[in-house]
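A, B, ... follow the sequence lines: proteins, then strands. Residue 1 opens every chain. All values derive from a computational prediction rather than experimental measurement. Excluded from the calculations below are hydrogen atoms, water molecules and symmetry mates; all remaining heavy atoms, backbone and side chain alike, are included.
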There are 2 protein chains.
Amino acid sequence: MFKKVLVAEDLDSISIAVIQVLEDLKIPTIHHVKYCDDGLLRIKKALVENAPYDLVISDLSFKSDHRKTVLSSGEDLIEAINAVQPSLKKIVFSIEDKSYRIKSLFNDLNINAYVSKGRNSINELRKAIEGTFKGEEKILSSDLSFSFNDKTLIEIESYDISILKLLAQGYILENIASEFKSSSITPNGTSSIEKRINKLKIYFKANNNVHLIAIAKDFGLV
Amino acid sequence: MFKKVLVAEDLDSISIAVIQVLEDLKIPTIHHVKYCDDGLLRIKKALVENAPYDLVISDLSFKSDHRKTVLSSGEDLIEAINAVQPSLKKIVFSIEDKSYRIKSLFNDLNINAYVSKGRNSINELRKAIEGTFKGEEKILSSDLSFSFNDKTLIEIESYDISILKLLAQGYILENIASEFKSSSITPNGTSSIEKRINKLKIYFKANNNVHLIAIAKDFGLV
DNA sequence: TTTGTATTTACGGGTTTCCGTAAGGAAATG
DNA sequence: CATTTCCTTACGGAAACCCGTAAATACAAA
């Protein structure tokens with residue numbers, strides 16, 4: 001079984017249960033951080049001390065408080081981890097249940113398992129830890145109904161998300177175009193962006209931009 | 001200390017920690033339900049058996065799944081409780097940190113304490129339980145920064161919410177006006193509605209309608 | 001009733017979205 | 001090299017918005 005595990009979870013009420021599972025599994029070294037920044041620090045430190053972690057269990061959303069942070073979400077943390085220790089096994093334990101977001105965790109961030117916080121999630125978490133140790137891939141807790149084959153939301157790509165994000169921040173077409181130009185995201189003509197928004201509106205059956213953003217918010221896309 | 005406590009919380013990862021607190025406090029009878037409906041049932045049963053609960057600790061949001069439910073949220077549950085056993089002490093333990101929603105819990109649903117799930121919430125929960133037992137009123141976990149006096153969001157009324165809801169559904173000004181006319185909501189001239197939207201934009205510092213709805217979604221207003 | 005005030009509605013022009021059409025350019029095919 | 005196809009960009013008119021001002025209405029006080 002795993003020898004050294006890091007838990008990144010801000011809610012104490014949840015971390016207690018997660019740590020209990022790890023103790024039940026006789027993991028010798030269990031560390032727990034409440035902020036993403038601390039998590040990355042620990043992992044880097046373990047690397048230089050030649051005693052790296054072999055599993056990380058992370059939440060996705062972290063409450064923001066008085067403390068200034070660089071990494072503000074589980075996604076940020078995992079991305080940072082992938083830069084320093086890509087071989088580290090990663091399990092995400094979160095309330096999120098939108099298929100699009102979970103798929104991108106597997107595809108873009110290369111996580112090993114996703115467990116959705118729910119009515120029977122502690123069992124699921126234990127199974128995911130054991131499965132990850134055995135080398136199983138793309139483990140998904142059983143209460144998640146979607147499959148990796150369904151095409152829903154798969155064709156929404158990061159380009160679309162960028163547009164939606166800027167729209168949600170009050171940008172007008174022209175601003176989005178110049179923003180894209182300065183970030184060298186392409187295509188960046190107002191017309192192309194307009195067309196892409198139009199596709200999104202058709203896809204989500206939205207009457208107008210306002211409607212579109214409301215739907216995007218509901219889907220957790222922005 | 002309390003003798004009989006009911007915990008309504010769907011996430012097993014959290015209920016474990018809550019129950020642990022109650023056990024530490026030597027509560028003799030602790031019951032736990034994962035659905036609001038079950039919670040109400042238990043409370044009614046305890047009443048007819050002449051062994052009523054003296055405290056309920058409830059979450060606000062419950063995941064929906066295959067099971068059909070009558071009560072779908074903590075608010076629903078507490079409202080139902082107030083109908084059958086208004087004297088029952090009520091503590092809400094939730095991730096919600098929007099001041100106007102919490103205020104309405106105290107003012108409309110008459111709860112005794114609110115504890116926000118956070119990095120040190122188990123301690124806060126314990127203090128809230130003890131405080132409630134001693135008869136303290138309107139207990140608020142200390143990480144919540146707002147006070148009951150600040151006017152923020154208090155002046156947003158149901159009329160504004162109606163407008164925001166319709167905007168989020170893709171209605172244009174004209175549609176909103178006629179919708180209001182047929183529901184005899186007044187004022188219902190396009191111009192008046194426009195002006196009201198403008199006030200909201202100033203209030204929330206939104207650049208345009210799209211931005212406004214994005215913000216409203218973030219605040220949980222729609 | 002009259003006056004004053006505040007709220008609601010109407011109006012207008014400038015901006016942005018909305019939506020169709022078409023021009024320009026790059027890559028692929030033959 | 002010519003043609004096709006796809007993608008990006010440009011353009012233009014109608015609809016909806018944004019925002020200020022002015023007229024109409026409602027309502028309370030004198």
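Using a 4.0 Å heavy-atom criterion, one finds that A:L173 contacts the sugar-phosphate atoms exclusively.
Under the 30°/60° scheme for interplanar angles, the aromatic rings of A:Y159 and A:F180 are found to be tilted. In this structure, B:F219 and B:F204 have tilted ring planes: the angle between them lies in the 30° to 60° band.
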* To do: Give the intermediate values and the outcome of side chain to side chain contact (heavy atoms under 4.5 Å, CB included) for residues A:V115 and A:V92.
  => CA-CA 6 Å; A:V115 180; A:V92 173; over 6 Å; no

* Asked: Given A:H211 and A:K201, is the side chain to side chain contact (heavy atoms under 4.5 Å, CB included) satisfied, shown in steps?
  -> CA-CA 9 Å; A:H211 197 188; A:K201 279 192 288 209; over 6 Å; no

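Rounded to a whole Å, the OH atom of A:Y171 is 19 Å from the C1' atom of C:dT17. The distance between atom CD1 of A:I202 and atom C1' of C:dG20, rounded to the nearest whole Å, is 12 Å. Atom P of nucleotide C:dG20 and atom NZ of A:K199 are separated by 14 Å, given to the nearest angstrom.
By the 6.0 Å and 45° rule, A:R101 does not stack over the aromatic ring of A:Y114. Geometrically, B:K117 engages B:F93 in a cation-pi contact defined by less than 6.0 Å to the ring centre and at most 45° from the axis.
For the pair B:I129/B:L125, a side-chain contact is recorded, criterion being any heavy-atom separation below 4.5 Å from C-beta on.
For the pair A:D12 and B:R119, the salt-bridge criterion is not met [side-chain N within less than 4.0 Å of a carboxylate O]. Classification of A:K34 and A:D65 as a salt-bridged pair fails, no side-chain N sitting under 4.0 Å from a carboxylate O.
Once you apply a 4.0 Å limit to the heavy atoms of chain B, the touched nucleotides of DNA chain D run 5' to 3' over D:dA16 to D:dT21.
Among B:I16, B:L11, B:D10, the one residue that satisfies the side-chain contact (heavy atoms from CB on, under 4.5 Å) test with B:I14 is B:L11.
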* Would you give a per-nucleotide map of nucleotides 10-15 of chain C, 5' to 3', where B means the base has a protein non-hydrogen atom under 4.0 Å away, S means only the sugar-phosphate does, and - means neither? => B-----

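Near DNA chain C, meaning a heavy atom under 4.0 Å away, the residues from residues 206-217 of chain A are A:N208, A:N209.
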